[in-house]
Enquirer: 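Pasting a structure below so you can have a look.
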Amino acid sequence: MNRLIGHIDLDYFYAQVEEVENPALRERPVIVCVFSGRTEDSGVVSTANYRARDFGVHSGMPIVSAKKRLEGTNPAIVRMDHEKYEAVSARIMENVNQLVDVLEPTGIDEAFFDITSSADGDYDRGREIAESIKKSVFESEHLTSSIGLGRSKVVAKLGSDLSKPNGLTVITPEKTSDVLGPLPVGKLYGVGPKTSASLNEIGIKTVADLARADPSDLERLFGRKFGAYLLAAATGTDDAPVVAGLEPTQFSRIVTLKEDTKDPHEVVSQLAPGIGYIEAKLAASKMSFRTVSAIGILTDLSTKTRSKTFETPVVGVSVIHEEATVLFAELASSAGRDFRRAGIRVSGLAHTEDQSSLSEFVGTPR
DNA sequence: GTTATGCATCC
DNA sequence: CCTCCTTGCATAAC
């Protein structure tokens with residue numbers, strides 16, 4: 001069966017939300033920033049609108065560097081408001097979900113969707129549906145988006161990337177190898193700087209090179225699973241389905257400490273709001289956890305973690321605070337240097353609610 | 001088989 | 001000068 005898989009990406013999401021809220025910003029460079037609180041302007045740019053990108057500003061850039069590049073351009077420097085963007089995102093996902101067979105959100109500003117049935121396997125009908133999705137998002141929230149449509153998730157994701165901003169790229173199965181072939185391997189979903197470098201070393205530069213690579217070479221270099229994935233990705237034949245309603249498997253929060261330290265009590269005290277946030281997420285989603293991890297980013301920016309798994313799911317929350325202190329003490333003694341940043345993570349999540357209807361449906365274990 | 005840790009990716 | 005979050009995997013140790 002001819003699958004029609006889409007990927008939608010909301011354009012420069014955080015900055016565009018700020019523009020919608022305050023249209024005067026549209027005429028100016030806008031950067032949405034994460035301020036770490038260490039010094040006045042320490043932190044990075046999370047999202048920049050295209051006017052700011054014209055001056056070489058991009059996400060991940062230190063705020064200080066971005067300001068320098070934007071000197072004399074009357075830039076708008078906005079503090080990130082995650083909750084605001086969450087609310088907009090949730091409305092959009094709900095809206096788009098009505099227009100597709102299956103929706104799989106993969107981030108606050110993007111989602112995969114499957115429209116094989118509603119397009120009846122036809123790419124012209126698929127294009128119309130994709131256009132109606134873009135139109136619906138724009139009319140309801142005044143936000144532009146970019147969509148890619150193709151035979152697989154990798155092709156769809158690539159398509160949305162090629163079309164942004166405010167575009168639509170339809171890559172039919174017949175055109176797939178022509179479109180993908182000339183691109184550098186790093187354009188493929190799941191292929192970052194490390195994998196790109198390894199591939200380049202053995203003479204694989206483009207997606208076409210990768211598509212005709214020796215499978216056993218790839219397996220030897222990257223392992224069975226990832227090796228097979230790379231080949232499938234390059235030929236556009238990756239067959240992962242679009243899955244709705246995936247549950248989160250972990251919650252985490254990382255903060256930058258006011259000063260470098262290795263004192264576990266100081267770390268945990270600065271982490272208290274983060275722990276509170278995780279507790280709130282657990283409560284809101286009615287979930288328990290089994291593993292708690294301390295995450296330490298040292299002064300040399302290397303990362304060390306220390307975790308503890310409990311026999312049975314933990315519902316209460318004072319456990320996080322207590323265990324964090326122990327774990328950070330252990331980390332500090334083994335780390336050798338101070339912490340610059342610190343985080344906490346809970347994983348092994350499960351629903352706490354008594355699901356009697358579900359247990360009836362599943363039946364009793366033998 | 002389960003747990004601990006690090007790595008890579010991506011947002 | 002260097003934020004923050006999620007997922008999956010490999011590997012070693014238990």
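Worth saying up front: this structure is predicted, and the values here are computed from it rather than measured. Reminder, nothing fancy here: chain letters follow the sequence lines and each chain counts from 1. Scope of the values below: all heavy atoms of this structure, side chains included, with no hydrogens, waters or symmetry mates.
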Enquirer: From C-beta outward on A:K157, which listed nucleotide comes closest to its side chain: C:dC4, B:dA4, B:dC10?
Expert: B:dC10
Enquirer: Treat each ILVMFWY residue as a node, draw an edge where side-chain heavy atoms are under 4.5 Å apart, and state whether A:F226 and A:Y189 are in one component.
Expert: yes
Enquirer: Identify which nucleotide among B:dC11, B:dA8, C:dT3 has an atom closest to any side-chain atom of A:V44, counting heavy atoms from C-beta outward.
Expert: C:dT3
Enquirer: Between P on B:dT9 and CG on A:L230, what's the gap in Å once rounded to a whole number?
Expert: 10 Å
Enquirer: Calculate, to the nearest 0.5 Å, the distance between atoms CD1 and OG belonging to A:I5 and A:S152 respectively.
Expert: 7.5 Å
Enquirer: Residues from residues 201-212 of chain A sitting under 4.0 Å of DNA chain C, heavy atoms only?
Expert: none
Enquirer: In whole angstroms, how far is the P atom of B:dC10 from the NZ atom of A:K164?
Expert: 12 Å
Enquirer: Would you indicate, yes or no, if C:dC4 has its OP1 or OP2 atom less than 4.0 angstrom from a side-chain nitrogen or oxygen of A:T256?
Expert: yes
Enquirer: Mind checking which stems touch DNA chain B? I mean at least 3 consecutive Watson-Crick or G-U pairs, both distances under 3.5 Å.
Expert: B:1-8 with C:7-14
Enquirer: Give the cluster check for A:V255 versus A:L331: same hydrophobic cluster or not, with ILVMFWY residues linked at side-chain heavy-atom distances below 4.5 Å.
Expert: yes
Enquirer: With the criterion being N/O to N/O and under 3.5 Å, what pairs connect the protein with nucleotides 12-14 of chain C, and how long is each?
Expert:
none

Enquirer: May I ask you to say what A:T106 touches in the nucleic acid, namely base, sugar-phosphate or nothing, with a heavy-atom cut-off under 4.0 Å?
Expert: nothing
Enquirer: Establish, with yes or no, whether the OP1 or OP2 oxygen of C:dT6 is under 4.0 angstrom from a side-chain nitrogen or oxygen of A:S252.
Expert: yes
Enquirer: Do the side-chain N or O atoms of A:R306 get closer than 4.0 angstrom to the phosphate oxygens (OP1, OP2) of B:dT5?
Expert: yes
Enquirer: Would you say A:T206's side chain and A:P182's backbone share a donor-acceptor pair under 3.5 angstrom?
Expert: no
Enquirer: When the distance from NE2 of A:H82 to P of C:dC5 is rounded to whole Å, what number comes out?
Expert: 7 Å
Enquirer: Distance check: side-chain N/O of A:R290 vs OP1/OP2 of B:dT3, anything under 4.0 Å?
Expert: yes
Enquirer: Would you mind reading off the distance between A:D81 atom CG and C:dT3 atom P, rounded to a whole angstrom?
Expert: 20 Å
Enquirer: Quick one: A:K153 NZ to C:dT7 C1', roughly how many Å, whole number?
Expert: 12 Å
Enquirer: Can you identify which nucleotide, out of C:dT7, B:dT9, C:dC2, has its nearest atom closest to the A:L301 side chain?
Expert: C:dC2
Enquirer: What verdict does the side-chain contact (heavy atoms from CB on, under 4.5 Å) test give for A:F138 and A:S145, after you've listed the backbone C-alpha separation in whole Å, the side-chain angles of each residue and the deciding distance to 0.1 Å?
Expert: CA-CA 8 Å; A:F138 189 75; A:S145 59; over 6 Å; no
Enquirer: Both A:K281 and A:K225 contact DNA chain C. Taking the nearest nucleotide for each, which residue is further toward the 5' end?
Expert: A:K281
Enquirer: Using a cut-off of 6.0 Å, state whether more than 12 heavy atoms not belonging to A:K68 lie near its atom NZ.
Expert: no
Enquirer: Verify the contact: side-chain N or O of A:T305 to OP1 or OP2 of B:dG6, cut-off strictly under 4.0 Å; return yes or no.
Expert: yes
Enquirer: Given C:dT6, B:dG6, B:dA4, identify the nucleotide with an atom nearest to the side chain of A:K304.
Expert: B:dG6
Enquirer: How about CZ on A:R26, more than 12 heavy atoms from neighbouring residues, nucleotides or ligands closer than 6.0 Å, or not?
Expert: yes
Enquirer: Does the pair A:D238/A:K153 count as a salt bridge with the N-to-O cut at 4.0 Å?
Expert: no
Enquirer: Considering only heavy atoms from C-beta outward, does the side chain of A:D260 approach that of A:R38 to under 4.5 Å?
Expert: yes
Enquirer: Distance check: side-chain N/O of A:S59 vs OP1/OP2 of B:dC11, anything under 4.0 Å?
Expert: no
Enquirer: In the single-linkage hydrophobic clustering (I, L, V, M, F, W, Y; side-chain heavy atoms under 4.5 Å), do A:V326 and A:V319 co-cluster?
Expert: no
Enquirer: Would you say that A:F222 contacts A:L199 through its side chain, given a criterion of any heavy-atom pair below 4.5 Å between the two side chains?
Expert: yes
Enquirer: Would you kindly give the CG-to-C1' distance between A:L298 and C:dC2, to the nearest whole Å?
Expert: 14 Å
Enquirer: Does a side-chain N or O of A:T195 approach OP1 or OP2 of B:dA8 to a distance below 4.0 Å, or not?
Expert: no
Enquirer: Side-chain N or O of A:K308 less than 4.0 angstrom from OP1 or OP2 on B:dT5?
Expert: no
Enquirer: May I ask you to check whether A:F328 and A:F339 place their ring centres under 6.0 Å from each other?
Expert: yes
Enquirer: Please say whether more than 12 non-hydrogen atoms of neighbouring residues, nucleotides or ligands are located less than 6.0 Å from CD in A:E131.
Expert: yes
Enquirer: Less than 6.0 angstrom from the centroid, inside 45 degrees of the normal: does A:K225 satisfy that with respect to the ring of A:Y229?
Expert: no
Enquirer: Side chain of A:K194 only, heavy atoms from C-beta on: which candidate in B:dT9, C:dC5, C:dT6 is closest?
Expert: B:dT9
Enquirer: Looking at C:dT3, I'd like to know if its phosphate oxygens (OP1 or OP2) sit under 4.0 Å from a side-chain N or O belonging to A:R341.
Expert: yes
Enquirer: Rounding to an integer number of angstrom, what distance separates C:dC5 and B:dA8 when you compare their C1' atoms?
Expert: 14 Å
Enquirer: Roughly, in whole Å, what's the span from OH in A:Y189 to P in C:dC9?
Expert: 12 Å
Enquirer: So does A:R340 get a side-chain nitrogen or oxygen closer than 4.0 Å to the phosphate oxygens (OP1/OP2) of C:dT3?
Expert: yes
